[in-house]
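Read through the structure below, which is laid out as structure tokens, and then see the notes.
Everything quoted here is computed from the prediction, not taken from an experiment.
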Amino acid sequence: RKEVEQDPGPFNVPEGATVAFNCTYSNSASQSFFWYRQDCRKEPKLLMSVYSSGNEDGRFTAQLNRASQYISLLIRDSKLSDSATYLCVVNPRDNYGQNFVFGPGTRLSVLP
Amino acid sequence: DGGITQSPKYLFRKEGQNVTLSCEQNLNHDAMYWYRQDPGQGLRLIYYSQIVNDFQKGDIAEGYSVSREKKESFPLTVTSAQKNPTAFYLCASRDRGFDQPQHFGDGTRLSIL
């Protein structure tokens with residue numbers, strides 16, 4: 001089993017739709033979690049950290065379920081500018097200390 | 001303006017040549033990382049450094065070398081031993097604390113001539 005797995009995608013949704021991405025992680029000791037977005041041929045940019053209580057930033061909501069070892073990202077009222085690849089990132093806090101594990105990404109295309 | 005600067009943006013390597021990619025950060029971060037990304041693929045860790053004068057191999061270190069002589073600088077050398085160097089190279093840095101995210105530079109695209 002891979003350390004971090006994501007919905008394979010791609011997701012093609014119309015403008016204004018609500019879309020949800022899921023991510024599962026294998027290391028139950030993982031301590032911190034993040035969602036990044038990566039535009040085509042650009043660097044990943046932090047979208048939001050994911051906290052145990054769940055957190056919201058405008059149209060974006062992140063949830064963490066430690067018992068089931070999954071993280072979700074919900075995007076409401078999708079915009080054309082939301083089109084990107086969304087990366088789930090986990091800090092496993094193993095012997096390597098500060099290394100992160102990146103998921104393969106889920107590609108989103110928001111269509112007019 | 002604080003951030004991570006990678007240079008050059010585009011780089012071409014001839015057969016048998018070593019090339020060095022620059023990464024500088026003024027965020028006062030202890031940890032720095034190098035990743036490689038191939039088209040349509042995820043990020044793979046090449047090397048990382050948690051402190052000056054110390055660095056560790058990542059998952060795909062063969063054919064690469066790094067140094068960390070200063071806190072703000074973490075250059076990556078792609079050696080001639082790396083037979084398939086064409087990729088997008090990303091440098092990142094991170095502050096201490098398990099809940100601190102990584103921040104990325106805007107990358108260097110390396111191609112073979």
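Contact annotation for F88(B): only side-chain heavy atoms (C-beta onward) come within less than 4.5 Å of a heavy atom of chain A. Within the 4.5 angstrom heavy-atom criterion, only side-chain atoms of Y36(A), from C-beta onward, approach chain B. Only the side chain of R109(B) comes within contact range of chain A, with at least one heavy atom under 4.5 Å from a heavy atom of that chain. In this structure, chain B has heavy atoms under 4.5 Å from both the backbone and the side chain of R41(A).
Of all the heavy atoms in R94(B) and N91(A), the pair that sits closest is NH2-ND2, 3.3 Å.
S49(A) has its side chain out of reach of D99(B): every pair of non-hydrogen atoms, C-beta onward, lies at least 4.5 Å apart. Within the 4.5 Å cutoff, no side-chain heavy atoms of Q102(B) are placed close to those of F34(A).
Taken together through direct or relayed side-chain contacts under 4.5 Å among Ile, Leu, Val, Met, Phe, Trp and Tyr, I60(B) and L110(B) form part of one hydrophobic cluster. Grouping the Ile, Leu, Val, Met, Phe, Trp and Tyr side chains by contacts below 4.5 angstrom, directly or via other members, places W35(A) apart from L74(A). Linking ILVMFWY residues whenever their side-chain heavy atoms come closer than 4.5 Å, directly or via other members, leaves Y64(B) and L90(B) in distinct clusters. There is a path of hydrophobic side-chain contacts, each under 4.5 Å, that joins M48(A) to V19(A).
Donor-acceptor pairing under 3.5 Å is recorded for the side chains of Q37(B) and Q38(A).
Of the residues considered (H103(B), Q100(B), Q6(B)), Q100(B) shows the highest number of contacts with chain A, using heavy-atom pairs under 4.5 Å. Of the residues considered (G103(A), S32(A), P104(A), G105(A)), S32(A) shows the highest number of contacts with chain B, using heavy-atom pairs under 4.5 Å.
By the neighbour-count criterion of 12 heavy atoms within 6.0 Å, atom CZ of F60(A) is densely surrounded, having more than that number from other residues, nucleotides or ligands. Counting non-hydrogen atoms of other residues, nucleotides and ligands closer than 6.0 Å to CD of Q31(A) gives a total above 12. More than 12 heavy atoms of other residues, nucleotides or ligands lie within 6.0 Å of NZ in K71(B), so this atom counts as buried by the packing criterion. Residue-environment remark: CZ (R107(A)) stays at or below the threshold of 12 foreign heavy atoms within 6.0 Å.
Between the OH atom of Y48(B) and the CZ atom of F100(A) there is a distance of 13.0 Å, given to the nearest 0.5 Å.
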